[in-house]
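Naming convention: chains lettered A, B, ... in sequence-line order (proteins, then strands); numbering from 1 in each chain.
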Amino acid sequence: MTVLARTVEATRRYGAVVALDRVSLDIRAGELVGLLGPNGAGKSTLINLFVGLRRPSSGTVELLGGSPADPVVRRGIGVTPQETGLPEVLRVGEIVDLVSAHFPGATGKAELLDRFGLGDLVKRQIGGLSGGQKRRVAVALAFVGNPRLVFLDEPTTGLDVEARRSLWDGVKAYHESGGTVLLTSHYLEEIEALAERVVVVGQGRVLADDTVRAVRDMVGVRRVSLVADRLPEPAGPAGLPALPGLISCEREGDRFHLLTSDSDELVVELVRSGVPFSGLEIRPSSLEDAFLTITAKESVHV
Amino acid sequence: MSSLVMAHTRHQVLEQIRVPIGLLASSLFPAISMLAFAVPFVGDDPLASTISTGSMTLVGAMSATLMGLSITVAQDREQPWDPYLRTLPAGPLPRFAGRILTTTAVMLVSMVPVLLIAALFTEAAVTPLRLLLGVGAVLVSSLPFMLIGLVLGFLLPSKAAIGVSQVLFFPFAIVGGLMLPLEVMPELVRTISSFVPSRGAGELVWWASAGVEPDVLPLVTMAVWTVAAGAVAAWAYRRDEGRRYS
């Protein structure tokens, strides 16, 4: 498959801070890649390298067979602006016109706005739109130039469920017609709904790069919390209580929060140990928990 | 390329027109000063009225460039819209050119009320040729103020740019002899006057519009300011680019 975007051993420093540390990544034609990571993990830096806003301190970045710094190369990509930055006093149609002026093969304005359910808003000023409407305008702008590759940074943050699903449909339709997508999100659910491949970044490095299923299995942890005076005595190598699959243990007042890869066995073992407890809760892991898991595994492997 | 410059200019002119405070600031202040100072005191003297008219158009031009340009450039740098535009297939040039063209348009618009007041309420007299020369002289002599505005815009956050540009604007206008005739000012101010760029700008505009023989020193000073501000603006631009886009 053709590689549309690629970094080879790309490192980016800001002064003494290493934002990206020797990252090598290929985005192939037709892929829908989800980029996951907490704030400060290096997601934005990676995207800024791909779209030509920043240059790597070392290593190389390639976009559509050329350099992201070359404006002609960037005709093939689409990027979402942050909706907070859209010029408040301009009308939706005027902003689309401005962006269209940069692309020789731009989509028609009416068709584009209809595709994102914005047809009625063409004459409205940005300042008068709701947060969700601004978000949709921002996402629509990424598709103005009929791109081969789009970078969608947090496309549905702040949208209600219905708007989120309709936007997902738009992204899926683009992908099915042959488009390639690199998507960042805080929502694991969003990545699961859209992406085929997930790249997890943390501390400037790629921690995992696999199919959605594989990464989900990898982070298939649950959060067990309970009220107790004490837990079974530590026995594991990291001084953790002797419970099955335990990844981390935090105490908050009289409540313990346990991350485990096997919640069923953990509860069985807890009951067997005879330690008195109450207020048992078991929840699926959040994305944050998933991170803890992946980064914990990472440090074990290193 | 030029169609892109036009697209960006159109976009920025629309922003100016829809939030007309910048436009009003550049037009109203010189117009009000004209009504308050020039009309009652020198309105029946053709030469003094013409000179005052030239001075007030320059005050409007300084407001559009020194204040307007510095603030909009500083604000642009703070908006996430700026980096977004940099991901589009174009370099920074079309937007920058649009900024300069828009500022020039604001400057030309700000001259209109002053010229109307001069025509209606004073004895100011000017031939069409002198009028054109005068407008041209205002455009030429706005160059150092545009460059100083760019320096401030590239170096300062927008709130600081608002303050610093005002701190420069009023002394430039007064010491340059644009608000009051230099003859009524103390000796010291008259000496300093030759070394501010606004005085040279005034000399050029008075010469072009009213045929007053200019002093040479202020013109030389203005040229020096222009070259120096241009060099600093180029440095400030590269520094800003390096910080945000390298």
Side-chain angles (χ1 to χ4, degrees), chain A residues 12-15 44 47-57 63-64 66 68-91 93-106 125-128 138 141-142 144-145 147 150-151 153, chain B residues 1-25 68 71-99 101-102 105-106 157-158 238-246:
Chain A
R12 173 66 209 203
R13 290 183 208 90
Y14 297 105
S44 302
I47 287 188
N48 285 345
L49 292 184
F50 277 133
V51 301
L53 286 177
R54 294 287 188 176
R55 288 172 230 281
S57 309
L63 181 70
L64 303 174
D70 179 356
V72 176
V73 167
R74 294 201 304 271
R75 281 181 186 165
I77 64 166
V79 179
T80 36
Q82 287 179 30
E83 83 277 16
T84 50
L86 296 173
E88 295 270 301
V89 298
L90 293 184
R91 299 179 208 278
E94 290 163 352
I95 290 186
V96 174
D97 287 339
L98 176 76
V99 176
S100 297
H102 293 78
F103 295 93
Q125 287 188 5
I126 294 294
L141 291 180
V144 165
V150 292
F151 296 88
D153 198 1
Chain B
M1 203 57 176
S2 68
S3 71
L4 268 187
V5 172
M6 285 324 294
H8 280 272
T9 308
R10 182 169 169 273
H11 183 102
Q12 290 169 16
V13 167
L14 283 172
E15 282 193 295
Q16 281 283 353
I17 292 171
R18 296 213 180 121
V19 187
I21 187 68
L23 207 54
L24 282 177
I71 295 165
T72 46
V73 168
Q75 281 171 341
D76 282 350
R77 292 193 304 120
E78 289 162 7
Q79 294 294 329
W81 184 239
D82 207 33
Y84 167 71
L85 290 176
R86 291 288 291 262
T87 69
L88 296 176
L93 185 72
R95 181 145 201 242
F96 185 75
R99 201 39 94 200
L101 286 175
T102 309
V106 172
S158 63
R238 278 199 292 268
R239 175 176 178 268
D240 178 52
E241 284 280 301
R243 288 195 163 186
R244 296 191 300 144
Y245 300 113
S246 72

**Student:** I'd like to verify something: which residue of R74(A), R91(A), Q125(A) has the highest number of heavy-atom pairs under 4.5 Å with chain B?
**Tutor:** R74(A)
**Student:** Please give me the minimum heavy-atom distance between G85(A) and W81(B), naming the atom from each residue.
**Tutor:** O-CB, 3.0 Å
**Student:** Work out which heavy atom in V79(A) is nearest to a heavy atom in Y84(B); give both atom names and the distance.
**Tutor:** O-CE1, 3.1 Å
**Student:** Is it the backbone or the side chain of E15(B) that comes under 4.5 Å from a heavy atom of chain A, or both, or neither?
**Tutor:** both
**Student:** Under a 3.5 Å distance rule, please check whether R75(A) uses its side chain to pair with a backbone N or O of L88(B) as donor and acceptor.
**Tutor:** no
**Student:** Got a sec, which pairs hit side-chain hydrogen bond (donor to acceptor under 3.5 Å, both in side chains) with one end in residues 5-14 of chain B, sequence neighbours left out?
**Tutor:** H102(A)-H8(B), Q12(B)-T102(B)
**Student:** By a 4.5 Å heavy-atom criterion (distance strictly below it), what part of S100(A) contacts chain B: side chain, backbone, both, or neither?
**Tutor:** neither
**Student:** Most heavy-atom pairs under 4.5 angstrom with chain A, which of P83(B), S246(B), A7(B)?
**Tutor:** S246(B)
**Student:** Where on R12(A) is there a heavy atom nearer than 4.5 Å to chain B: the side chain, the backbone, both, or neither?
**Tutor:** side chain
**Student:** Let's test your reading of the structure: which of G145(A), P68(A), P87(A), S57(A) forms the most heavy-atom pairs below 4.5 Å with chain B?
**Tutor:** P87(A)
**Student:** List for me each residue that meets salt bridge (charged side-chain N to carboxylate O under 4.0 Å, His left out) alongside R99(B), sequence neighbours excluded, and say none if there are none.
**Tutor:** D76(B)
**Student:** Taking I77(A), D70(A), V89(A) one by one, which has the highest count of heavy-atom pairs under 4.5 Å against chain B?
**Tutor:** V89(A)
**Student:** Just give me the residue among V51(A), N48(A), L90(A), D97(A) that pairs up with chain B most often, heavy atom to heavy atom, under 4.5 Å.
**Tutor:** L90(A)
**Student:** Any idea which heavy atoms bring P71(A) and A90(B) closest together, and the distance?
**Tutor:** CB-N, 3.7 Å
**Student:** So for R243(B), is it side chain, backbone, both, or neither that comes closer than 4.5 Å to the heavy atoms of chain A?
**Tutor:** backbone
